[in-house]
K.L.:
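I have a structure I would like to understand better, so I am pasting it below and will then ask my questions one at a time.
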Amino acid sequence: LKSLNITVMKKKNILYICTTAIMMASCYDGVEDNLAGGNTMEQAVDSVSNISTAAGLLITAQEQLIDKREHKYQYQFNLHIDNYCGYMCLPHNFSGRINSTFEINDNFASGPKANMSWVAQATVPVMTSAKRLNAEPLGAIANILFSYAAHQFVNVHGPFPYNANKRLQESHPLVYDAEELIYDSIFTDLEKDIAILKKYENNLSEEMKITISGIDKIAGGNLSKWIKFANSLRLRMALNIVKIQPEKAKQIAEDAVRNGVLEESDGDVGMDLYTLYNKERHPLWKISSSWVDTRLNANLHNILLRTGHPMLESFFEKNSADIIDRSGKVSLQANQGFASMRNGTLTSDQSSSPAYISFSKLSQNFSMQKLMIFKVSEVLFLRAEGALYGWNMNGTPQALYEAGIRASFNEFGFTSDACQTYMQSEKAGNENYIDYYNVFQNVDGVLTIPNKWLASGSNEEHLEQIITQKWIALFPMSLVAWTDMRRTGYPKQIAPVTNSEADGDGSIDPKYGIRRIPFSRDGDLEVADDIESTGLDALGGPDLQGTRLWWDVNKSNF
């Protein structure tokens, strides 16, 4: 980790106040009208003057949605969420700034907020100018990007000044909008975006075709694919709220599928960094390989072993050097096995005591993976889950589950023969976790569900199969995976290491894990005041890691 301060400067802050549900519903289509009426938007002076400028802003927004810059990706996902979901783990304490995966460093945790701000700065001016520029499709694309970023962010902390981001207001106080209202607003906006894109889908001017083709880094310049992307996001969000609003979730999910979600023939929504940016590699690979800042998590390691998934051999390296255990003996010779870390493990400085630095890191094979925004495999698993609830998802749970696995193997570049063998596995392995540095942290593995669809399985067993395979398929999309884990409890995770020295804020129940990241104050007293005045009320609980978000209801799945 190199020094990086992601404090969102007041001059660049993009927040504004919009306190009622009525205002929330009207913000998207009323922004430009409000400008014309003289209402203040503190960055309205930066409103887009031509289509070329709008195009440049949309390129920036795509690049920062899932940030392709290594430092920013690290703060956005890897220093916290990658660990919470069980994919990766921190192998050292970053010069004493974070001693385990449970400890909160407010500066490190500011990454999601920064990316929300950057995406808003790039998209809001396009949205406010689209009608005036006769570029409504660009406005719709901008809002889909904004909505994707907002949905990510609301699932990190919970309430945030959503409407503030849409009006680019700098001045405090900033009202924290409730999660339910944010979800409703995004659902409303996505429907409007889809309607606009359908209007122009077969009616684009040549100039606009060239513009969209030139700026589209993630969907191939195809308006039909943007429509399916937006519907897929609606489907993802619908499954997020299935426990808190089941009827609404069903209605939105069925409508999204009926109107068209991503299919295998469409391909994934994502950025091919190697092709687009002169052989750039996935940012997580550099964080792991060059910076030694992240290592294989025990949960991913053990689940890949027990399922027999080829990802372990393909995407990770064996230990890079002899591992010396706490007694001073060589517990694993160099390049002899895969080594991973349990969440909650106490770490030390990498230079003085590099206990976990030689554990498994990402391989060169992984480095060329696309920076994924939305995978087709995820859509298929979402549909499989919906079908399990009895919703009309155009397929049975089993057929969609198996299609999801096949799509995932294709996305990762694994063979169809390997996929077929994998799907026929009728019994999970029995491998347990070994900590080659600290034998006292060895623990039994917990996954027992097989890959092969259980013909006579219960709904609960089928849900575990779907979410477990979806969790593997999503790698490394940790925020989506962590959201599924919180709402379903799957895949089953190895118990974290618990200790009094680095157990977070004391609110974490080891049985349920971390439920949210506390609000990011980053030393700003005005932000702290806003959190106290409206943030905590909107959250409906204390600002702690163990506080559940609105959709994260503590009840059975069925």
Side-chain angles (χ1 to χ4, degrees), residues 14 46 48 51-73 75-77 111-112 114-130 133 135-153 165-166 186 189-190 193-194 196-197 204 208-233 236 262 266-284 368-376 378 411 476-477 479-480:
I14 54 169
D46 295 330
V48 178
I51 289 177
S52 178
T53 302
L57 287 169
L58 290 181
I59 290 174
T60 297
Q62 292 169 81
E63 292 173 342
Q64 295 175 349
L65 205 60
I66 306 293
D67 211 307
K68 76 181 191 70
R69 300 167 295 180
E70 295 92 347
H71 289 300
K72 310 302 189 291
Y73 186 99
Y75 275 69
Q76 189 181 11
F77 299 111
N115 277 85
M116 179 70 250
S117 299
W118 294 329
V119 171
Q121 289 169 35
T123 55
V124 171
V126 179
M127 287 187 280
T128 62
S129 306
L133 295 175
E136 282 192 301
L138 296 186
I141 288 172
N143 193 67
I144 292 170
L145 296 172
F146 180 95
S147 296
Y148 185 101
H151 178 239
Q152 286 192 125
F153 192 43
N165 281 271
K166 272 204 165 177
I186 295 173
D189 281 358
L190 287 173
D193 299 328
I194 290 166
I196 290 171
L197 294 181
L204 276 180
M208 188 56 62
K209 284 181 183 177
I210 293 170
T211 298
I212 293 174
S213 177
I215 61 98
D216 192 351
K217 303 294 184 182
I218 64 175
N222 185 339
L223 287 192
S224 175
K225 191 168 181 177
W226 279 95
I227 292 168
K228 293 182 177 183
F229 175 26
N231 275 318
S232 299
L233 181 54
R236 177 193 284 177
L262 291 167
D266 300 306
D268 305 302
V269 175
M271 197 173 295
D272 186 344
L273 299 177
Y274 192 82
T275 301
L276 291 172
Y277 296 97
N278 191 26
K279 300 183 179 180
E280 258 187 48
R281 307 301 177 103
H282 196 288
L284 186 58
M368 292 178 62
Q369 286 288 300
K370 289 182 180 179
L371 194 64
M372 291 294 195
I373 309 297
F374 220 117
K375 295 185 178 185
V376 169
E378 180 191 349
E411 288 160 349
M477 298 176 68
L479 179 53
V480 185

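Since the structure is predicted, the reported quantities are computational estimates derived from the model, not experimental observations. Counting from 1, the numbers follow the sequence of the chain as shown.
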K.L.:
If we only count heavy atoms from C-beta on, is the Lys375 to Val269 side-chain gap below 4.5 Å?
P.N.:
no
K.L.:
When you look at Asp67 and Trp118, which way does the side-chain hydrogen bond (donor to acceptor under 3.5 Å, both in side chains) test go after all the steps?
P.N.:
CA-CA 10 Å; Asp67 211 307; Trp118 294 329; over 6 Å; no
K.L.:
Check Val119 against Ala61 and note the closest heavy-atom contact, atom names and distance.
P.N.:
CG2-O, 4.1 Å
K.L.:
How long is the span from the CD1 atom in Ile186 to the CZ atom in Phe146, to the nearest 0.5 Å?
P.N.:
8.0 Å
K.L.:
Taking the side chain from Gln152 and the backbone from Pro112, do they hold a donor-acceptor pair closer than 3.5 Å?
P.N.:
no
K.L.:
Can you tell me how far CD of Glu136 sits from CG of Leu204, rounded to the nearest 0.5 angstrom?
P.N.:
11.5 Å
K.L.:
Roughly how far, to the nearest 0.5 Å, is the CG atom of Asn143 from the CG atom of Asp193?
P.N.:
4.0 Å
K.L.:
Should Phe374 and Val480 count as side-chain neighbours, where that means a heavy-atom distance under 4.5 Å?
P.N.:
no
K.L.:
So, taking the atom named NZ in Lys370 and the one named CD1 in Ile218, what distance separates them when rounded to the nearest 0.5 Å?
P.N.:
11.5 Å
K.L.:
Does any part of the side chain of Asn231, heavy atoms only, come nearer than 4.5 Å to the side chain of Ile194, both counted from C-beta?
P.N.:
yes
K.L.:
Taking all atoms of both residues into account, what is the closest heavy-atom pair of Leu262 and Gly267, and its distance?
P.N.:
CD2-O, 4.1 Å
K.L.:
So, the side chain of Asn115 versus the backbone of Leu65: is there a donor-acceptor pair under 3.5 Å, distance only?
P.N.:
no
K.L.:
Is the side chain of Thr128 donor-acceptor paired with the backbone N or O of Pro125 at a distance under 3.5 Å, no angle test?
P.N.:
yes
K.L.:
For a quick test of reading the model, state the closest non-hydrogen atom pair linking Gly139 to Met127 and the distance between them.
P.N.:
O-CG, 3.7 Å
K.L.:
For the backbone of Gly270 and the side chain of Asp268, can you confirm whether one donor and one acceptor N or O come within less than 3.5 Å of each other?
P.N.:
no
K.L.:
For a quick test of reading the model, state the closest non-hydrogen atom pair linking Ser129 to Val48 and the distance between them.
P.N.:
OG-N, 3.1 Å
K.L.:
Just so I know, are the side chains of Gln64 and Arg69 near enough to count as touching, which here means a heavy-atom distance under 4.5 Å?
P.N.:
yes
K.L.:
Locate the shortest heavy-atom distance separating Leu273 from Pro283; write the atom from each residue and the value.
P.N.:
CD1-CD, 3.8 Å
K.L.:
To the closest 0.5 Å, what do you measure between CG (Leu479) and NE2 (His151)?
P.N.:
8.0 Å
K.L.:
Does the side chain of Glu70 pick up a donor-acceptor pair with the side chain of Tyr75 at under 3.5 Å?
P.N.:
no
K.L.:
Could you tell me whether Lys225 and Asp266 make a salt bridge, using a distance below 4.0 angstrom between a side-chain N and a carboxylate O?
P.N.:
no
K.L.:
Got a donor-acceptor contact below 3.5 angstrom from the Ser232 side chain to the Lys228 backbone?
P.N.:
yes
K.L.:
Determine whether the aromatic ring centres of His282 and Tyr274 lie less than 6.0 Å apart.
P.N.:
no
K.L.:
Determine whether Leu223 and Asp216 make a side-chain contact, defined as any pair of heavy atoms from C-beta on separated by less than 4.5 Å.
P.N.:
no
K.L.:
What verdict does the side-chain contact (heavy atoms from CB on, under 4.5 Å) test give for Met271 and Met372, after you've listed the backbone C-alpha separation in whole Å, the side-chain angles of each residue and the deciding distance to 0.1 Å?
P.N.:
CA-CA 6 Å; Met271 197 173 295; Met372 291 294 195; over 6 Å; no
K.L.:
So, do Lys217 and Leu276 sit near enough that their side-chain heavy atoms are less than 4.5 Å apart?
P.N.:
yes
K.L.:
To the closest 0.5 Å, what do you measure between CZ (Phe229) and CG (Leu190)?
P.N.:
9.0 Å
K.L.:
Are Lys72 and Phe77 close enough, and set up right, to give a side-chain contact (heavy atoms from CB on, under 4.5 Å), and what steps lead you there?
P.N.:
CA-CA 9 Å; Lys72 310 302 189 291; Phe77 299 111; over 6 Å; no
K.L.:
Hey, is the main chain of Ala122 close enough, under 3.5 Å, to the side chain of Thr60 for a donor-acceptor pair?
P.N.:
no
K.L.:
Do the numbers put Lys68 on top of the ring of Tyr73, so that NZ or CZ is under 6.0 Å from the six-membered ring centre and no more than 45° off the axis?
P.N.:
no
K.L.:
To check you understand the geometry: which heavy-atom pair defines the closest contact between Asp189 and Ser147, and what is its length?
P.N.:
CB-OG, 4.3 Å
K.L.:
Under the 3.5 angstrom rule, does the side chain of Gln62 hit a backbone N or O of Leu58 as a donor-acceptor pair?
P.N.:
yes
